[in-house]
Asks: 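Below: one structure in structure tokens.
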Amino acid sequence: MKIIAAQDLMNGTWSVSEFVEPLKNGGIICYPDGNSYRLAVDAENEKAITRLLQAKKRFSKRPSLMIIPDKKCLNTYIQNMPLSAQKVVD
């Protein structure tokens with residue numbers, strides 16, 4: 001697991017490749033988000049997702065946060081979005 005410290009992010013003493021390389025290789029990254037840290041994996045790597053769920057001690061049926069760059073990406077990951085969710089997205 002690659003951990004990026006909040007101080008490194010604020011000081012600019014890290015590079016994007018520190019995030020990209022572990023993700024490409026199915027790794028888990030840990031990064032600061034406000035007052036807590038988040039874990040992240042490549043959403044298209046099934047082994048990485050399994051490792052993340054195991055690390056978080058989650059069952060695959062429970063939802064997890066997914067960060068995407070824009071609304072167009074939703075169709076890649078969601079097949080049937082409920083109307084109530086569509087209203088929130090719009």
Side-chain angles (χ1 to χ4, degrees):
M1 179 182 326
K2 175 68 176 176
I3 299 174
I4 307 294
Q7 194 65 32
D8 291 341
L9 285 176
M10 292 188 310
N11 293 338
T13 57
W14 62 279
S15 71
V16 172
S17 65
E18 291 182 66
F19 286 106
V20 174
E21 288 306 312
L23 291 174
K24 281 184 179 179
N25 295 319
I28 299 173
I29 60 168
C30 180
Y31 66 95
D33 179 38
N35 294 325
S36 64
Y37 278 80
R38 299 217 182 255
L39 299 176
V41 297
D42 176 358
E44 296 182 357
N45 184 323
E46 199 169 321
K47 288 182 182 180
I49 293 169
T50 299
R51 289 179 62 211
L52 177 65
L53 293 173
Q54 289 172 343
K56 294 177 82 173
K57 297 184 173 120
R58 288 235 174 138
F59 301 104
S60 61
K61 298 286 183 192
R62 289 184 57 197
S64 291
L65 174 68
M66 183 175 196
I67 300 171
I68 59 171
D70 55 45
K71 288 194 302 186
K72 290 183 266 181
C73 290
L74 283 174
N75 295 333
T76 303
Y77 300 104
I78 299 175
Q79 294 174 356
N80 298 310
M81 185 185 310
L83 183 59
S84 58
Q86 289 177 8
K87 290 178 183 178
V88 172
V89 170
D90 292 334

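Keep in mind the model is a prediction, meaning the values are calculated, not measured.
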Asks: Quick check: closest heavy atoms across A48 and G26, and the distance to 0.1 Å?
Replies: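 Smallest interatomic distance, heavy atoms only, reads CB-O, 3.6 Å.
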Asks: With no hydrogens and no angle check, is any side-chain donor or acceptor of N25 less than 3.5 Å from a backbone partner on G27?
Replies: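 No; zero donor-acceptor contacts below 3.5 Å.
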Asks: Where do K71 and V89 come nearest, in terms of heavy atoms and distance?
Replies: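 Closest heavy-atom pair between K71 and V89: CD-CG1, 3.3 Å.
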Asks: Taking all atoms of both residues into account, what is the closest heavy-atom pair of A55 and I28, and its distance?
Replies: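 Smallest heavy-atom distance, with atoms named: CB-CD1, 4.3 Å.
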Asks: Would you say I78 ends up clustered with I67 if hydrophobic residues are merged whenever their side chains have heavy atoms under 4.5 Å apart, either directly or through other cluster members?
Replies: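 Looking at the clustering, I78 is in a separate group from I67.
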Asks: Should we say atom CG of N80 is surrounded by more than 12 heavy atoms from elsewhere, each under 6.0 Å from it?
Replies: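 No - once you tally the heavy atoms of other residues, nucleotides and ligands closer than 6.0 Å, there are 12 at most.
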Asks: Tell me the closest heavy-atom pair linking A40 and L23, and the distance in Å.
Replies: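 Nearest pair, atom of A40 first, then L23: O-CD2, 3.8 Å.
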Asks: Roughly how far, to the nearest 0.5 Å, is the CG atom of L74 from the CE atom of M66?
Replies: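 The CE atom of M66 sits 9.0 Å away from the CG atom of L74.
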Asks: First locate atom CD1 of I68, then atom CG of D70, and finally report the distance between them rounded to the nearest 0.5 Å.
Replies: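 Answer rounded to 0.5 Å: 6.5 Å.
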Asks: State, to 0.1 Å, how close Q86 and M81 come at their nearest heavy-atom pair, and which atoms those are.
Replies: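 Heavy-atom minimum between the residues: NE2-O, 3.2 Å.
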Asks: Can you list the steps and then say if L39 with K56 is a side-chain contact (heavy atoms from CB on, under 4.5 Å)?
Replies: CA-CA 9 Å; L39 299 176; K56 294 177 82 173; 3.8 Å; yes
Asks: Is there a side-chain contact between R51 and V41 (heavy atoms, below 4.5 Å)?
Replies: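 No, their side chains stay 4.5 Å or more apart.
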